[in-house]
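See structure below.
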Amino acid sequence: MSSPFLEVAIQAALASGNIQKKYFGRVKNIQFKSKTFLNLVTEVDHQCEKKILKIIQSHFAHHSFWGEESGKKIISQQWIWVVDPLDGTTNYAHSYPFFCTSIALLKDGQPYLGVIYDALRNELFTAETTHGSYLNKKAIHVSTITSIEKSLLCTGFSYNIRDTHYNFENFKNMVLQSQGVRRDGSAALNLAYIAAGRFDGFWERYLQPWDMAAGILLIQEAGGKISDISGKPFNLFHQNIVATNGKIHSKLLRELLKGADEKLWMKRFQNKML
Ligand code: IPD
Ligand code: CA
Ligand code: CA
């Protein structure tokens, strides 16, 4: 039996997905969040977030809410909903069918629940801490692949491409060594695919908490492993992730560190945080 938290998260994710389906291929109002033409936002992002916020607040008025588009409404430090209403906005704006809604609930800073919904495929990924991961209510597990040569990997290139350009080195290296490296523009859905055993490894720099919060719980509950790219324990606020089935984790980390000056990246990141 699912908890009342999960039921509300599912209700909100399905409502958001309905909005996404309604406007898919017909989105008109596209704006840019930064000076470059990379970071897009559409009216659908805003509509989905409003709907999710309304549903969550109507059930848990005493919880905090942190949405990508509307920011933080901190009421409780213990319970915080972290929401990416539409992950894969660039895909959505171009009618490319790969995007999702990602909803996580943090308890004392740790993911307690995660829901990722791919509305076009009607795939609902859910996890609650210590209760396992599910796709449309069926238990899912990470893959059993043990070598990079047999693995299908995935990465992303963030909007801050100038700060993460050495991902091209990583990308080239891993394309040459694996069965393929996908780059399909929805980090949250990519993480759900690791949990479901469709990808064996994923990495990206410059992700935000709302991109990762639900996905990391799905992966942990499906038996996978997460860390940061330098191999240190994962931190939701450190903006980078390596997520795998566990079996290729150390091998992938070793390869990623070959092309990248991770110390330099961490230094830049820390300077930005000061
Ligand atoms: C983006 C997607 C993309 C990733 C970017 C994210 P958004 O989120 O997850 O795959 O490469 O770094 O910002 O803007 O579509 O919600
Ligand atoms: Ca996102
Ligand atoms: Ca988004």
Side-chain angles (χ1 to χ4, degrees), residues 13 82 84 87-88 91 98-104 110-111 113-118 121 123-136 138-158 167 170-171 174-175 177-229 231-236 238-256:
V82 181
D84 190 337
D87 185 65
N91 288 343
F98 197 78
F99 54 86
C100 67
T101 293
S102 175
I103 299 177
Q110 296 305 317
L113 161 167
V115 170
I116 291 178
Y117 183 48
D118 172 349
R121 292 171 190 80
E123 290 198 323
L124 180 71
F125 299 87
T126 57
E128 275 187 294
T129 182
T130 72
H131 285 78
S133 281
Y134 298 84
L135 166 53
N136 293 344
K138 270 193 170 166
I140 50 172
H141 304 282
V142 293
S143 72
T144 54
I145 298 285
T146 55
S147 69
I148 298 283
E149 296 74 47
K150 287 186 179 155
S151 62
L152 182 61
L153 306 174
C154 183
T155 187
F157 291 83
S158 84
N167 199 31
N170 290 154
F171 188 76
M174 298 323 299
V175 164
Q177 293 197 46
S178 65
Q179 291 191 343
V181 183
R182 301 291 177 253
R183 194 282 193 184
D184 47 16
S186 172
L189 202 47
N190 294 153
L191 294 174
Y193 277 26
I194 294 278
R198 294 172 179 173
F199 288 139
D200 309 300
F202 172 82
W203 76 95
E204 187 166 349
R205 298 176 183 82
Y206 265 112
L207 289 177
Q208 302 300 326
W210 49 80
D211 297 313
M212 303 185 281
I216 59 169
L217 186 66
L218 277 159
I219 292 171
Q220 285 168 330
E221 290 295 320
K225 183 165 177 173
I226 52 169
S227 73
D228 78 13
I229 297 187
K232 294 206 190 78
F234 177 78
N235 183 314
L236 195 55
H238 283 184
Q239 298 193 323
N240 78 97
I241 187 168
V242 179
T244 70
N245 63 2
K247 298 181 177 62
I248 62 160
H249 204 88
S250 53
K251 292 171 197 154
L252 180 58
L253 275 176
R254 212 176 311 129
E255 290 302 324
L256 294 178

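Everything quoted here is computed from the prediction, not taken from an experiment. In this chain, numbering begins with 1 at the start of the sequence shown.
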Without swapping roles, check the side chain of [X] against the backbone of [Y] for a donor-acceptor pair under 3.5 Å.
| X | Y | result |
| --- | --- | --- |
| E221 | T130 | yes |
| N240 | H238 | yes |
| D118 | C100 | no |
| S133 | L218 | yes |
| S186 | D87 | yes |
| N91 | F99 | no |

Heavy atoms only: give me the nearest [X]-[Y] pair and the separation to one decimal.
| X | Y | answer |
| --- | --- | --- |
| L253 | G231 | CD1-CA, 3.8 Å |
| G180 | L152 | O-CD1, 3.6 Å |
| Q220 | I226 | NE2-CD1, 3.5 Å |
| S227 | H249 | OG-NE2, 2.9 Å |
| V142 | I194 | CG1-O, 3.5 Å |
| I116 | A188 | CD1-O, 3.3 Å |

Is the F157 ring parallel, tilted or perpendicular to the F171 ring (thresholds 30°, 60°)? perpendicular
Parallel, tilted or perpendicular: which describes the rings of Y193 and F199, with under 30° parallel and over 60° perpendicular? tilted
Hey, what do you get for [atom1] ([X]) to [atom2] ([Y]), rounding to the nearest 0.5 Å?
| X | Y | atom1 | atom2 | value |
| --- | --- | --- | --- | --- |
| H131 | L217 | NE2 | CG | 11.5 Å |
| D84 | I103 | CG | CD1 | 10.0 Å |
| D184 | F98 | CG | CZ | 4.0 Å |
| T144 | K247 | OG1 | NZ | 6.5 Å |
| Q177 | S151 | CD | OG | 9.0 Å |
| L189 | C154 | CG | SG | 9.5 Å |

Please tell me if the side chains of [X] and [Y] come closer than 4.5 Å, counting only heavy atoms from C-beta onward.
| X | Y | value |
| --- | --- | --- |
| I219 | F202 | no |
| D211 | I241 | no |
| Q208 | Q239 | yes |

Assess whether side-chain contact (heavy atoms from CB on, under 4.5 Å) is satisfied between I248 and L153, documenting all intermediate values. CA-CA 11 Å; I248 62 160; L153 306 174; 3.9 Å; yes
Would you please say whether a donor-acceptor pair under 3.5 Å links the side chains of R205 and N170? yes
Quick one about T155 and N167 (side-chain donor to acceptor, distance below 3.5 Å, no hydrogens or angles considered), yes or no? yes
Residue pairs meeting salt bridge (Lys or Arg N to Asp or Glu O under 4.0 Å), one or both in residues 189-202, sequence neighbours left out, come to E123-R198
Looking at K225, I'd like to know if its NZ atom is crowded, meaning that more than 12 non-hydrogen atoms belonging to other residues, nucleotides or ligands lie closer than 6.0 Å. no
Could you walk me through whether M174 and L252 pass the side-chain contact (heavy atoms from CB on, under 4.5 Å) check? CA-CA 9 Å; M174 298 323 299; L252 180 58; 3.7 Å; yes
